[in-house]
Enquirer: 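Below is a structure I'd like to ask you about.
Since this is a predicted model, take the numbers as computed values, not measurements.
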Amino acid sequence: MEQMKRTVTCGQLTAKNEGQTVILNGWVHRNRDHGGIHFINLRDRYGETQIVVDEDAAEALKEKAGSLKFEYCVAIEGIVRARPESMINPDMVTGEIEVSVKNISILNSCKTLPFMIEDETDSNETARLKYRYLDLRSKGMQDRIILRNNVTYAIREYLQKSSFLEIETPTLIKSTPEGARDFLVPSRLHAGKFFALPQSPQLYKQLLMVSGFDKYFQVARCYRDEDARGDRQLEFTQIDMEMSFVSVDDIFKITEGMMGHVFKKSLGVDLPLDFQRISYDDAMNLYGSDKPDLRFDMAFQDFAPFVPASSFGVFKSVLEAGGAVKALVVPGAAADYSRKKITELEETAKTFGAKGLAWMKVTTEGLDGGVSKFYNDQADAICSGLEAKEGDLILLMGAAWKTACNSLGAVRSRLGKDLKLIDENLYRFVWIVDFPLFEYNEDEKTWEPAHHMFSMPQEQYLETFDKDPGPVKGDLYDLVLNGYELASGSIRIHDPELQQRIFNVVGFPKEVAEERFGFLLESFRYGAPPHGGIAAGVDRLVMIMAGKESIKEVIPFPKNNAGMSPMDDSPAWVDADQLQDLHLNIIMPEVDKKEE
RNA sequence: GGAGGCGUAGCGAAGCUGGUUAUCGCGCCGGCCUGUCAAGCCGGAGAUCGCGGGUUCGAUGCCCGUCGCUUCCGCCA
């Protein structure tokens, strides 16, 4: 039989089409046989349409309809008819009509499914990944992949209109020493040499600035050989942008405008633009994170003023060692938080390196429970100082500054979820600015770049940063949305002398720098313009817009947590011939050797 | 590398302190059914309870080990 090509999709028929003869192509989503009358829901990416086989249909047709199982791919010819008034389904776009079938063609049958195709499956992730092509048929996944398309479309639309050029950069590049672990690609033509897959197009976009393409962007695939997380995969996609002759404010403005356009176009949401800015120090001190979720407040307070007058030795020694003691007042939580629940909060803190979590409750008499006996004589001062009221729970964290911030920050996040303080409909953007340029590595006793080596120190540190790297802030910024780092960028160094001074601070020998990215340094000597940029994670953005907590939900074919694909079983062994071509020998780790 | 959680039919789950013919829903197979839209009703098949060892008269359940998945820490400029 000649193929019955569709004349309409499964999502478009309404009462207006009554009487028309149509052909639909799609998948059998549901099949309800009532003995006499028979309903089939036919589905494609546009929607669902109800097909009816009536009592008086030909026997052969009825039999064929009865043989249709889940996910058979079929073509159906029939006549659009209005449903009887009482049979209209208001939950269906096509609920006003049904198609009375005249002809059914089975385009392909379908085995018994490993899991049902439902709006949101509850099947296990391994099965979903193994049969990803089936999982992607679900409405939830289709919606998210379509959302992802709409997001990248809106981004391109906005940036093109803003005079940006979309330019591709190589994915076979030179391995660079800093940052994450590189994926390496062996060279066949050059024995023993390797390409690396880019962790980002960083160096190339800077070179494009030197070339005069003053507004660049790319939807760039990036690769980092590190352990996965809910918001991290081996490969992921960035909107990578770079601009010449710009200040931080210019970059913020274009990014804010882009986000506004994306949310308006793909979700119909009007974002309040001109995002809030918080310094890194404030973000850490107040929320215990460089990516704070500001959909709820509950900021930390400094508890150090109350430490000296108390006999509680733990906090005293923390302060003497240069650490911090922070207080988190949880309004009205005293009654709900038993010792057991507080211990659970403490466990959360401990995973972030805290030794413990002190607490006390505010009562009519003063302070009660936990460490209150050490502080009751200061009860009034503490309560007024922290603005704590009767019924509040006060959590106290004393540790080295960063540990104190991070661990209490984790407690804050958990409380935000547990106490349902988070408005799920909110998109709360915040710029984190004034990041430190360098971090001290206690183990190596060296200074390291906090982000990367190409970021500009802020002007006030330009003279002195080599001598005293600790306090130096860079023109570095992150864009944070609902507690996720969404974008990160900086104003770059375009002066080779300045760049060399940075290398010196982080103990990067001149010869190594020349060897690794001499080409970039050399380009700076040919009239490189001042420039800066930002890169935004597409997967995370779409994930948040879709209300999900894993980027696997918005990536068509993701890897699992172990960095493998259950569908195609990659990574996989290769033939000895291939290895020989690439001049490679495999040396198995000891443990695996025994198993071989 | 480390910590927590999970592992019972194709899928999702139940199985309390050790003794069941291992339960339920979806799916699958067969039958009935004229208006459903997660259709309904009746019947049936389908499980070495992740794997190995131990304790016990007896283990899905307790203990040890191991594997897998998952979330997090480390890592991710």
Side-chain angles (χ1 to χ4, degrees), chain A residues 29-43 48-57 62 66 69-71 83-92 94-95 98 111-131 134-135 176-182 199-200 202 222-234 236 344 347-354 403 406-407 410 413-414 435-439 441 448-455 474 476 478 485 488-490 502 506 508 535 537 549-550 552 560-562 564 566 595:
Chain A
H29 190 63
R30 294 285 188 271
N31 192 348
R32 298 179 294 279
D33 183 356
H34 286 244
I37 195 164
H38 194 136
F39 302 100
I40 297 157
N41 282 26
L42 198 66
R43 187 200 71 239
E48 275 181 49
T49 299
Q50 173 161 290
I51 311 299
V52 188
V53 187
D54 285 309
E55 167 71 7
D56 54 4
K62 283 163 116 175
K69 310 294 182 192
F70 284 111
E71 297 304 310
R83 296 195 195 185
E85 186 81 34
S86 59
M87 309 305 168
I88 288 174
N89 185 343
D91 298 329
M92 268 176 103
T94 60
E98 58 198 10
K111 287 172 65 177
T112 299
L113 294 165
F115 49 81
M116 290 295 288
I117 311 298
E118 293 169 310
D119 286 1
E120 287 292 347
T121 184
D122 55 358
S123 185
N124 75 77
E125 189 171 286
T126 304
R128 291 180 61 195
L129 293 182
K130 182 169 166 64
Y131 300 95
L134 294 179
D135 189 37
T176 53
E178 30 55 278
R181 205 173 287 115
D182 276 331
Q199 297 177 27
S200 80
Q202 183 64 34
C222 305
Y223 305 86
R224 294 179 189 174
D225 190 4
E226 299 290 349
D227 288 2
R229 284 288 187 284
D231 64 350
R232 252 166 50 192
Q233 285 262 306
L234 298 179
F236 60 100
E344 287 170 13
E347 291 304 318
T348 300
K350 281 181 176 173
T351 58
F352 285 78
T403 304
N406 281 331
S407 56
S413 296
R414 179 165 175 174
F435 274 86
L437 202 59
F438 305 105
E439 260 173 10
N441 184 325
E448 294 178 341
H451 271 58
H452 63 55
M453 290 186 263
F454 311 109
S455 297
L476 271 163
D478 280 359
E485 181 192 315
S488 186
S490 66
I502 299 280
V506 299
F508 207 65
E549 292 190 340
S550 167
K552 289 176 200 152
N560 69 9
N561 212 41
M564 300 185 297
E595 289 172 4

Enquirer: Taking a pair as Watson-Crick or G-U wobble with both distances under 3.5 Å, which nucleotide is matched to B:rG7?
Expert: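 Matched B:rG7 with B:rC67 under the 3.5 Å cut-off.
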
Enquirer: Roughly how many Å is it from CZ in A:Arg128 to C1' in B:rG12, rounded to a whole number?
Expert: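 Going from CZ in A:Arg128 over to C1' in B:rG12 covers 13 Å.
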
Enquirer: Counting only side-chain N and O atoms of A:Lys130, is one of them less than 4.0 Å from OP1 or OP2 of B:rC11?
Expert: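 So the side chain of A:Lys130 is outside the cut-off, no N or O lying under 4.0 Å from OP1 or OP2 of B:rC11.
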
Enquirer: Working to the nearest 0.5 angstrom, can you tell me the gap between A:Asp182 CG and A:Glu226 CD?
Expert: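 One finds 9.5 Å between CG of A:Asp182 and CD of A:Glu226.
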
Enquirer: So, is A:Arg30 near the phosphate of B:rA39, with a side-chain N or O under 4.0 Å from OP1 or OP2?
Expert: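 Yes, because at least one side-chain N or O of A:Arg30 sits under 4.0 Å from OP1 or OP2 of B:rA39.
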
Enquirer: When all nucleic acid strands are considered with a 4.0 Å heavy-atom cut-off, which category describes A:Ala450: base, sugar-phosphate, or nothing?
Expert: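 It contacts sugar-phosphate atoms only.
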
Enquirer: Using the C1' atom on both, measure B:rA14 against B:rG52 and round to a whole Å.
Expert: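 About 27 Å, rounded to a whole number of Å.
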
Enquirer: Are A:Phe39 and the base of B:rU36 stacked, counting only ring centres nearer than 5.5 Å and planes tilted under 30°?
Expert: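 A:Phe39 ring centre within cut-off of B:rU36 base, planes near parallel; stacks.
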
Enquirer: What contact category does A:Lys552 fall into here, base, sugar-phosphate, or nothing, at under 4.0 angstrom with non-hydrogen atoms?
Expert: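 Counting heavy atoms under 4.0 Å across all strands, the contact made by A:Lys552 is with sugar-phosphate only.
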
Enquirer: Among B:rG74, B:rU70, B:rC76, find the nucleotide with the atom closest to the side chain of A:Arg224.
Expert: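 Nearest to the side-chain atoms of A:Arg224, counting from C-beta on, is B:rC76.
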
Enquirer: Just call it for A:Asn560: base, sugar-phosphate, or nothing, with non-hydrogen atoms closer than 4.0 Å on any strand.
Expert: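 Touches sugar-phosphate only.
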
Enquirer: Can you tell me, in whole Å, how much space there is between the P of B:rG2 and that of B:rU66?
Expert: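 Pairwise P distance, B:rG2 against B:rU66, rounds to 10 Å.
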
Enquirer: Quick one: side chain to side chain donor-acceptor pair (under 3.5 Å) partners of A:Lys130, sequence neighbours excluded?
Expert: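 A:Lys130 satisfies side chain to side chain donor-acceptor pair (under 3.5 Å) with no residue once adjacent residues are dropped.
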
Enquirer: Report yes if a side-chain nitrogen or oxygen of A:Asn124 is closer than 4.0 Å to either non-bridging phosphate oxygen (OP1 or OP2) of B:rG12; otherwise report no.
Expert: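 Result: yes.
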
Enquirer: Starting at CE of A:Met116 and ending at C1' of B:rC26, how long is that distance when rounded to a whole Å?
Expert: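 Spelled out: CE on A:Met116 to C1' on B:rC26 is 7 Å.
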
Enquirer: For B:rC72 versus B:rU56, give the span between their P atoms, rounded off to a whole number of Å.
Expert: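 One P to the other, the span is 42 Å.
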
Enquirer: In sequence, state the C-alpha distance, the side-chain angles, and the governing distance for A:Phe70 and A:Ile117, and then conclude on side-chain contact (heavy atoms from CB on, under 4.5 Å).
Expert: CA-CA 9 Å; A:Phe70 284 111; A:Ile117 311 298; over 6 Å; no

Enquirer: What does A:Ser200 touch in the nucleic acid at a heavy-atom separation under 4.0 angstrom: a base, only the sugar-phosphate, or nothing?
Expert: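 Touches a base.
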
Enquirer: Say we look at B:rC69 and B:rU8: how far apart would their C1' atoms be, to the nearest angstrom?
Expert: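 To the nearest whole Å, 16 Å.
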
Enquirer: Would you kindly compare A:Gly353 and A:Pro84 by the position of their nearest RNA chain B nucleotide and give the one closer to the 5′ end?
Expert: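 The answer here is A:Pro84.
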
Enquirer: With sugar-phosphate meaning primed atoms plus P, OP1 and OP2, does A:Asp122 contact a base, only sugar-phosphate, or nothing at under 4.0 Å between heavy atoms?
Expert: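 Here A:Asp122 touches the backbone only, sparing every base.
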
Enquirer: Could you please name the option among B:rC76, B:rU34, B:rC28 that lies closest to any side-chain atom of A:Ala180?
Expert: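 From the listed options, B:rC76 comes nearest.
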
Enquirer: Salt-bridged, A:Glu48 to A:Arg30, with N to O below 4.0 Å?
Expert: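 Between A:Arg30 and A:Glu48 there is no salt bridge, as every charged N stays at least 4.0 Å from the carboxylate O atoms.
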
Enquirer: Does A:Glu118, at its CD atom, have more than 12 non-hydrogen atoms belonging to other residues, nucleotides or ligands within less than 6.0 Å?
Expert: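 Counting neighbours around CD of A:Glu118, more than 12 heavy atoms of other residues, nucleotides or ligands fall under 6.0 Å, so yes.
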
Enquirer: Could you tell me the separation between the CG atom of A:Leu113 and the C1' atom of B:rA38, rounded to a whole number of Å?
Expert: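 Rounded to whole Å, this separation is 15 Å.
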
Enquirer: B:rU48 and B:rA3: how far apart are their C1' atoms, nearest whole angstrom?
Expert: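 Taking atom C1' in both B:rU48 and B:rA3, they lie 32 Å apart.
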
Enquirer: If I take atom CE in residue A:Met564 and atom P in nucleotide B:rC67, what distance separates them, rounded to the nearest angstrom?
Expert: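 Spelled out: CE on A:Met564 to P on B:rC67 is 13 Å.
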
Enquirer: Remember a base hit wins even if backbone is also touched, and classify A:Gly36 as base, sugar-phosphate or nothing at under 4.0 Å, heavy atoms.
Expert: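 Sugar-phosphate, backbone atoms only, no base.
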
Enquirer: Is the shortest side-chain N to carboxylate O distance from A:Asp135 to A:Arg128 below 4.0 Å?
Expert: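 Answer for the salt bridge query: yes.
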
Enquirer: State whether A:Arg32 places a side-chain N or O below 4.0 Å from either non-bridging phosphate oxygen (OP1 or OP2) of B:rA39.
Expert: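 Answer is yes, contact under 4.0 Å.
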
Enquirer: Does the pair A:Glu485 and A:Asp231 meet the rule for a side-chain contact (heavy atoms from CB on, under 4.5 Å), with working shown?
Expert: CA-CA 10 Å; A:Glu485 181 192 315; A:Asp231 64 350; over 6 Å; no

Enquirer: Give, for atom CD of A:Gln199 and atom OG1 of A:Thr176, the distance between the pair rounded to the nearest 0.5 Å.
Expert: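 Here the rounded value is 5.5 Å.
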
Enquirer: Using heavy-atom distances to pick each residue's nearest nucleotide on RNA chain B, tell me which of A:Glu439 and A:Gln50 is more 5'.
Expert: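 Comparing both residues, the 5'-ward one is A:Gln50.
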
Enquirer: With distance as the sole criterion, do the side chain of A:Arg83 and the base of B:rC37 form a donor-acceptor contact below 3.5 Å?
Expert: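 Result: at least one qualifying N/O pair found.
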
Enquirer: Which of the following nucleotides, B:rC37, B:rG10, B:rG74, is nearest to the side chain of A:Arg232?
Expert: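 Of all the options, the side chain of A:Arg232 is nearest to B:rG74.
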
Enquirer: Taking a pair as Watson-Crick or G-U wobble with both distances under 3.5 Å, which nucleotide is matched to B:rU48?
Expert: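 Result: none.
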
Enquirer: Rounded to the Å, how far apart are A:Asn89 CG and B:rU36 C1'?
Expert: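 Answer to the nearest Å: 10 Å.
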
Enquirer: Which is true for A:Glu347 with a 4.0 Å heavy-atom rule: it touches a base, it touches only sugar-phosphate, or it touches nothing?
Expert: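 Touches nothing.
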
Enquirer: Give the nucleotide from the list B:rG35, B:rC73, B:rG12 with an atom nearest to the side chain of A:Ser123.
Expert: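 Of B:rG35, B:rC73, B:rG12, B:rG12 is nearest to the side chain of A:Ser123.
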
Enquirer: Can you tell which of B:rU36, B:rC75, B:rC11 lies closest to the side chain of A:Met87?
Expert: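 Nearest to the side chain of A:Met87 among the choices is B:rU36.
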
Enquirer: Rounded to the nearest angstrom, tell me the gap between atom CG in A:Asp33 and atom C1' in B:rC41.
Expert: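 In whole Å, B:rC41 C1' and A:Asp33 CG are 13 Å from each other.
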
Enquirer: With no angle test and no hydrogens, is the base of B:rG35 tied to the side chain of A:Glu98 by a donor-acceptor pair under 3.5 Å?
Expert: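 Flag set: donor-acceptor pair detected.
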
Enquirer: In whole Å, measure the gap between the C1' atoms of B:rG46 and B:rC24 for me.
Expert: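 Approximately 15 Å lies between the C1' atom of B:rG46 and that of B:rC24.
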
Enquirer: Could you give the NZ-to-P distance, from A:Lys69 to B:rG30, as a whole number of Å?
Expert: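 It works out to 6 Å between those atoms.
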
Enquirer: Say we look at B:rA9 and B:rG53: how far apart would their C1' atoms be, to the nearest angstrom?
Expert: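 About 26 Å, rounded to a whole number of Å.
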
Enquirer: Does B:rA39 have OP1 or OP2 sitting under 4.0 Å from an N or O in the side chain of A:His34?
Expert: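 No, because none of the side-chain N or O atoms of A:His34 sits under 4.0 Å from OP1 or OP2 of B:rA39.
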
Enquirer: Measure CD/A:Glu549 against P/B:rG5 and give the value in whole Å, please.
Expert: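 In whole Å, B:rG5 P lies 20 Å from A:Glu549 CD.
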
Enquirer: How long is the gap from CZ on A:Phe39 to CG on A:Asn31, to the nearest 0.5 Å?
Expert: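 Interatomic distance, A:Phe39 CZ to A:Asn31 CG, rounded to 0.5 Å: 11.0 Å.
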
Enquirer: Look at the side chain of A:Arg229 against the base of B:rU70 and say whether a donor-acceptor pair falls under 3.5 Å; ignore hydrogens and angles.
Expert: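 When only heavy-atom distances are counted, A:Arg229 does not reach the base of B:rU70 through any donor-acceptor pair under 3.5 Å.
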
Enquirer: With rounding to whole Å, what would you report as the distance between B:rC32 and B:rC67 at their C1' atoms?
Expert: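 Here B:rC32 and B:rC67 have their C1' atoms 47 Å from each other.
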
